[in-house]
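Read the numbers this way: they start at 1 and go in the same order the structure lists the ligands and their atoms. The chain is numbered in sequence order, starting from 1. Predicted, not measured: the structure shown is a model, and the values here were computed from it.
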Amino acid sequence: MIAQEDLFKKLIAHSKEYGYIFQSSEIYDGLGAVYDYGPYGAELKKNIRDYWWKSMVLLHENIVGIDSAIFMHPTTWKASGHVDAFNDPLIDNKDSKKRYRADVLIEEFREKLHAKIEKEVEKARKRFGDAFDESQFRATNPRVLENQAKIDDLTQRFQDALEAENMGAIRDLIVENKIVCPISGTANWTDVRQFNLMFATKLGSVSEDASTIYLRPETAQGIFVNFLNVQKSARMKIPFGIAQVGKAFRNEIVARQFIFRMREFEQMEMQFFVRPGEELKWYEYWKEKRMNWHQSLGLGAEKYRFHDHDKLAHYANAAADIEFKFPFGFKEVEGIHSRTDFDLSAHQQHSGKKMQYFDPEINESYVPYVVETSIGLDRTFLMILSNAYQEEKIEKENGQVDERVVLRIPPFLAPVQLAVLPLVKKDGLPEKAREIMNELKFDFNCQYDEKDAIGRRYRRQDAIGTPYCITIDHDSLTDNQVTIRDRDTMSQERVSIDALRGILESKLAMRQYLAKL
Ligand code: ATP
C-alpha cells in the first residue's frame, strides 16, 4: 500500500508524464490553480461529460440541454445574489503570510477529531476481539465522548457564526481550538474577512463606456434566464429539466490539491423545474438518482457518502453534497440543492419580465421551484483518476519481480480503449494490424504501436489505462486470430478477428452502463 500523500504526488507526476494534465502556461512557471488537459486527459474528460450528458438528456424525455454564454448581463449576478453574497471567509497567518479559508480550517479540524474517535474504536476492536461491542464503546468511552462533545460544540458554534455572518466568532473558534497554520505552526492569525469570488472584466472597447461584467461563477444562471425560452420552444411541461455543461470561474484563494479546486473549471448542471410544494420529493429523487450514477462507475460504494449542509446557501431550503474518498479524505464532488423559487423570482423582479409557467393540469400560473444537481467535471475526473492509479508487483515466470503502474479507469471511459500491436515490425504483421485497426477505429478509440518489445508496449498501455490490447502474431496471418489482453487481470485469450468487434462492444460500450441506470 502506498501512503495516500505519496500516492497523490505520484498521481500528479504521472498525469503530466502520460499526457493527462499539464500545469497551465508551464513554460512561464505556471498559473496558480489553472490546468490544461493533455491528449489522454481531454479524451477522459470528454467521455465523462458524454456519460453525464447521456444519462441526463438521452435517458430523460423531460430533460433537454442548452449551451449558454459565459458572459451574461451584469444584473444577472445582482439578482442571483452573487454580487452581494458569493464570499469566502479568509484568514491569514501573520508568520507564514499564507492565506486560508477559515471554514476549511475548521472543517479539517473537525475531521481530525473524528479521526481520533475512529482510532480509539479501532484500537478497542483489536483489544477486545470478538467480544467487542462497538455501540456500547462509543456510548461510554470517556475519550470518545470527550471528542464527540468537542465536535458537537464546534459544529453548533460554527453553524451559528455562519448563520449570523459573525466573522469574529469564526476567528474565536480557530484561536480557542488552537488551530495552527500548517506551514508556520503558529496561531498568529489576522481577522477573518469576506472575499468575493467572482472575476470581473470590462465589456466594450472604450473604458469610459465600458461596463463591468463577470465571468460566470456557475452555469446555472444561464439556465434560469432561459427558462421560458426553453420551456416554450421545446414544449416542456413541468416537471422538466434543463442540463448544461460549461466553464465556470471562481477566484479561489486557497487553490491547492491539483484539479480539485481550480480557478477555471467545468460544471455539469441540471436544473429541474417543479410545482411549488413538490420540491422536497424531487430533491430526494435526485439525491438517489445521482448517487446511483456515481455508483455505476464501479469505484466502490464505500467510497461515497452524503453530507448535509450546515449552512444553507442564500437560495436553498435543502442541500446535500455527494462526497468521495479522495487520497486527501472525503470531499465534495457534487451538490444537490433545492433552490426554491429564489432564482426565478429574483430574475422576475430584476428584469420586470414574468418568469411564470401556466400549469394546464391545475389551471394555475406560478413561478416554479427548482431542484438542481451540480457536479464538477474536473473533480469527477480527479475522482476517477485518483481511484484508478495503482502500483503493482508482478511475479514473472523466471521468479523475478516486475513492477507496473496501471490506471484502472472504468473501461468504457478510458481515453484509449484498444491498443493494436503487431508482435514484430515485419513479415506483414504491421499491415495486418493496420487492416484490423481500420475496421475498428470507427467505433473505438484505438492506438497503433509497433515500437519496442511487446512487454514494454503493454506497460505503456497500462500506464495510460488502456483496457484492452490485441497482439497480431505470425499465426494471425493464417488462422485469422489475435491475442486479446485484459489490462486488469493481464490474462490473454486468443480470439477470431471477425469476433473482435462484438467482443469489444460487449466490454466497452457506454450503452450497457446507461442501461443499468
Ligand atoms: P466547495 O465547497 O468545494 O468550494 P461549492 O460548494 O462552492 O464547493 P458548488 O457551488 O456547489 O461548490 O459547485 C458545484 C460543484 O462544482 C462542486 O461540487 C464541485 O464539484 C465543482 N466546483 C466548485 N468549485 C470548484 C473549483 N474551484 N474547482 C473545481 N470544481 C469546482
Side-chain angles (χ1 to χ4, degrees), residues 21 24 31-37 41 45 48-49 52 77 80-82 85-90 100-108 110-111 158 162 194-199 215-223 243-271 283 286-287 290-291 293-294 304-316 318-324 326 328-339 342-343 370-386:
I21 296 164
S24 156
L31 183 66
V34 185
Y35 291 90
D36 298 336
Y37 286 83
K45 198 173 167 197
I48 299 169
R49 192 192 287 121
W52 181 87
W77 305 110
S80 69
H82 283 82
F86 194 51
N87 301 316
D88 273 347
L90 298 184
Y100 298 89
R101 263 173 62 179
D103 56 328
V104 171
L105 286 178
I106 292 171
E107 221 27 90
E108 286 174 355
R110 191 160 59 173
E111 277 299 316
F158 182 44
L162 286 174
Q194 295 275 35
F195 179 85
N196 193 288
L197 296 178
M198 279 197 295
F199 284 101
L215 294 184
R216 67 179 177 200
E218 61 175 27
T219 57
Q221 298 304 324
I223 290 179
Q244 163 157 244
V245 181
K247 288 269 170 119
F249 304 82
R250 296 182 186 178
N251 197 0
E252 302 278 3
I253 294 310
V254 184
R256 295 190 200 102
Q257 294 168 330
F258 199 32
I259 58 168
F260 181 80
R261 191 174 296 290
M262 302 154 90
R263 297 200 166 106
E264 173 179 344
F265 57 100
E266 215 165 318
Q267 286 187 316
M268 308 191 283
E269 296 198 296
M270 193 281 296
Q271 268 68 37
Y283 168 72
W286 282 109
K287 265 176 81 171
R290 292 305 305 149
M291 188 57 109
W293 184 89
H294 281 276
Y304 291 96
R305 70 181 188 196
F306 280 115
H307 170 81
D308 293 319
H309 283 203
D310 285 339
K311 182 201 173 198
L312 293 172
H314 56 275
Y315 49 73
D321 297 335
I322 293 177
E323 294 186 338
F324 181 76
F326 285 95
F328 41 85
F330 271 103
K331 296 277 181 221
E332 167 180 352
V333 210
E334 172 158 10
I336 294 110
H337 310 127
S338 172
R339 289 178 82 130
F342 174 86
D343 303 86
V370 173
V371 174
E372 81 170 356
T373 68
S374 175
I375 175 168
L377 176 50
D378 314 85
R379 262 186 214 181
T380 310
F381 184 109
L382 183 61
M383 168 178 100
I384 290 170
L385 198 67
S386 60

Does E218 come within less than 4.0 Å of ligand 1, judged by its heavy atoms?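 No.
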What protein heavy atom is closest to [atom], reported as residue, atom name and distance in Å?
atom	value
atom 22 (N) of ligand 1	F265 CE1, 3.5 Å
atom 13 (O) of ligand 1	Q267 NE2, 3.4 Å
atom 21 (C) of ligand 1	G376 CA, 3.6 Å
atom 28 (N) of ligand 1	M262 N, 2.8 Å
atom 29 (C) of ligand 1	F260 O, 3.3 Å
atom 14 (C) of ligand 1	S374 OG, 3.0 Å

Q | Verdict with reasoning, Q221 to D343, per side-chain contact (heavy atoms from CB on, under 4.5 Å) | A | CA-CA 8 Å; Q221 298 304 324; D343 303 86; 3.1 Å; yes
Quick check on side chain to side chain contact (heavy atoms under 4.5 Å, CB included): which of K247, R49, Q267 does L377 satisfy it with?
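Per the side chain to side chain contact (heavy atoms under 4.5 Å, CB included) rule, the option paired with L377 is R49, out of K247, R49, Q267.
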### Task
For a side chain to side chain contact (heavy atoms under 4.5 Å, CB included) with I375, tell me which candidate from H294, M270, E269, M383 qualifies.
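So, applying the side chain to side chain contact (heavy atoms under 4.5 Å, CB included) to I375 and each of H294, M270, E269, M383, only H294 qualifies.
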Option of least heavy-atom distance to [atom] (set: [options]):
atom	options	result
atom 20 (O) of ligand 1	D103, D88, V333	V333
atom 18 (O) of ligand 1	E372, E332, R379	E332
atom 9 (P) of ligand 1	R250, R101, E334	R250

Charged N to carboxylate O under 4.0 angstrom, R339 versus E218?
->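 So R339 pairs with E218 through a salt bridge.
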Q. Under 4.0 Å from any heavy atom of H337, which atoms of ligand 1 are there?
A.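 So the atoms of ligand 1 that pass are 11 (O).
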Ligand 1 atoms in contact with E252 (distance to a heavy atom under 4.0 Å):
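Listed by number with element, the hits are 24 (N), 26 (C), 27 (N).
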For [X] and [Y], indicate whether the former's side chain and the latter's backbone hold a donor-acceptor pair under 3.5 Å.
X	Y	answer
D378	E266	yes
R250	P217	yes
N196	M198	yes

Between R261 and ligand 1, find which residue part has any heavy-atom pair under 4.0 Å and reply side chain, backbone, both or neither.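 The answer is both.
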Q: Please test F328 against F260 for side-chain contact (heavy atoms from CB on, under 4.5 Å), starting from the C-alpha separation and ending with a verdict.
A: CA-CA 10 Å; F328 41 85; F260 181 80; 3.9 Å; yes
- Message: Are Y37 and F381 packed together at the side-chain level, in the sense that at least one heavy-atom pair is separated by less than 4.5 angstrom?
- Response: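 In contact.
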